[in-house]
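Report on one structure; see the data block that follows.
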Amino acid sequence: QVQLVESGGGLVQAGGSLRLSCAASGRTFSIYGMGWFRQAPGKEREFVAADTMSGGSTVYADSGKGRFTISRDNAKNTLYLQMNSLKPEDTAVYYCAAAIPPVTRETMRKPDGMDYWGKGTLVTVSS
């Protein structure tokens with residue numbers, strides 16, 4: 001069992017930056033595939049970024065390429081999402097998720113490919 005707690009959301013102006021954090025419980029954090037998803041009001045949850053395992057392979061949605069960076073600190077059991085050049089369309093609740101291995105870049109793009117979820121943190125980007 002893995003418990004995930006996100007933090008770092010807030011209100012930011014367009015062009016600004018935020019760093020989201022996801023603190024994970026348990027001693028086996030390093031073996032999980034970890035990802036970020038987001039859900040805007042009235043829309044389906046969508047993939048943002050993933051780290052398949054121990055930083056070995058990262059994958060991004062087109063919407064965040066060049067602006068978002070996913071990283072993990074296994075010693076701290078923490079996943080991060082650095083978001084730069086934020087746009088109003090990035091406004092959403094951002095969720096951290098973990099997947100039990102084996103995982104692939106493809107399975108981690110889908111919400112149903114993840115096994116554990118945090119409760120989310122709200123990011124609001126004003127124009």
Side-chain angles (χ1 to χ4, degrees):
Q1 187 76 12
V2 176
Q3 293 184 330
L4 305 171
V5 180
E6 303 94 336
S7 62
L11 175 64
V12 63
Q13 289 188 332
S17 298
L18 281 175
R19 188 176 81 156
L20 306 183
S21 299
C22 172
S25 65
R27 298 181 178 180
T28 56
F29 173 76
S30 63
I31 72 170
Y32 290 99
M34 299 295 299
W36 289 97
F37 291 75
R38 68 185 184 186
Q39 189 166 16
K43 295 188 177 181
E44 294 186 349
R45 192 167 298 190
E46 65 176 8
F47 170 73
V48 176
D51 179 338
T52 55
M53 192 179 298
S54 298
S57 180
T58 56
V59 59
Y60 296 90
D62 288 343
S63 59
K65 282 182 180 177
R67 300 188 300 126
F68 294 176
T69 303
I70 188 172
S71 63
R72 64 195 298 167
D73 185 335
N74 289 331
K76 295 182 178 181
N77 280 13
T78 303
L79 180 75
Y80 303 100
L81 183 69
Q82 177 67 43
M83 303 187 294
N84 300 326
S85 302
L86 283 161
K87 305 174 182 180
E89 51 264 44
D90 293 319
T91 295
V93 177
Y94 283 71
Y95 296 91
C96 172
I100 299 171
V103 300
T104 68
R105 293 161 62 95
E106 290 70 35
T107 61
M108 292 196 66
R109 287 178 174 270
K110 303 174 183 179
D112 60 8
M114 310 304 286
D115 298 289
Y116 302 103
W117 291 88
K119 294 183 178 181
T121 185
L122 177 63
V123 172
T124 304
V125 184
S126 63
S127 57

Point to revise | Approximate separation, where rounding is to 0.5 Å, of L79 CG and N74 CG | key: 9.5 Å
Exercise for review: For residues T121 and G9, report the shortest heavy-atom separation together with the two atoms involved.
Suggested key: OG1-N, 3.1 Å
Practice item. Report yes if some heavy atom in the side chain of L86 is under 4.5 Å from a heavy atom in the side chain of F68; otherwise report no. Key: yes
Review point. Any sub-3.5 Å donor-acceptor pair from T107's side-chain atoms to G113's backbone N or O?
Key: no
Practice item. Write down the atom of A49, the atom of L81, and the distance for their closest heavy-atom approach. Key: CB-CD1, 4.2 Å
Point to revise | Minimum heavy-atom distance between G120 and V93, given as atom pair plus value | key: CA-CG1, 3.8 Å
Point to revise | Reported CD-to-CD distance for the pair E44 and Q39, which is rounded to 0.5 angstrom | key: 8.0 Å
Point to revise | Donor + acceptor pair across side chains of T58, D51 (<3.5 Å) | key: no
Check your understanding: Is a side-chain donor or acceptor of E6 paired with a backbone partner of C22 at a separation under 3.5 angstrom?
Key -> no
Point to revise | OG1 on T91 to CG on L122, rounded to 0.5 Å | key: 8.0 Å
Check your understanding: Between K65 and D62, is there a salt bridge with N-O shorter than 4.0 Å?
Key -> yes
Review point. After noting the C-alpha distance and the side-chain angles of M83 and D90, does the key distance pass the side chain to side chain contact (heavy atoms under 4.5 Å, CB included) rule?
Key: CA-CA 10 Å; M83 303 187 294; D90 293 319; 6.0 Å; no
Practice item. Treating Ile, Leu, Val, Met, Phe, Trp and Tyr as nodes and any side-chain heavy-atom pair under 4.5 angstrom as an edge, say whether V48 and V125 lie in one connected cluster. Key: yes
Exercise for review: Measure the CH2-CG distance between W36 and L20 for me, rounded to the nearest 0.5 Å.
Suggested key: 4.5 Å
Exercise for review: Kindly work out whether a path of hydrophobic side-chain contacts (I/L/V/M/F/W/Y, heavy atoms less than 4.5 Å apart) joins M34 to Y95.
Suggested key: no
Exercise for review: Supply the atom-to-atom distance S127 OG to E89 CD, rounded to the nearest 0.5 angstrom.
Suggested key: 10.0 Å
Review point. Would a distance-only check, ignoring hydrogens and angles, find a side-chain to backbone donor-acceptor pair under 3.5 Å from W117 to L4?
Key: no
Revision key, fill the gap. When every non-hydrogen atom of A92 is compared with those of R38, the smallest separation belongs to CB-CB, 3.8 Å
Review point. Taking Q82 for the side chain and T69 for the main chain, is one N or O donor matched with an acceptor at less than 3.5 Å?
Key: no
Check your understanding: Under 4.5 Å between any side-chain heavy atoms of F47 and V59, yes or no?
Key -> yes
Practice item. Without swapping roles, check the side chain of T52 against the backbone of S57 for a donor-acceptor pair under 3.5 Å. Key: yes
Exercise for review: Determine, using the 4.5 Å side-chain heavy-atom cutoff (strictly less than), whether M114 and V2 are members of one ILVMFWY cluster.
Suggested key: no
**Study point:** Inter-residue atom distance M108.CE - F37.CZ, 0.5 Å rounding
**Key:** 7.0 Å
Practice item. Taking Y60 for its side chain and I70 for its backbone only, find out whether a donor-acceptor pair lies under 3.5 Å. Key: yes
Check your understanding: Side chains of V103 and Y32: closer than 4.5 Å at any heavy-atom pair?
Key -> no
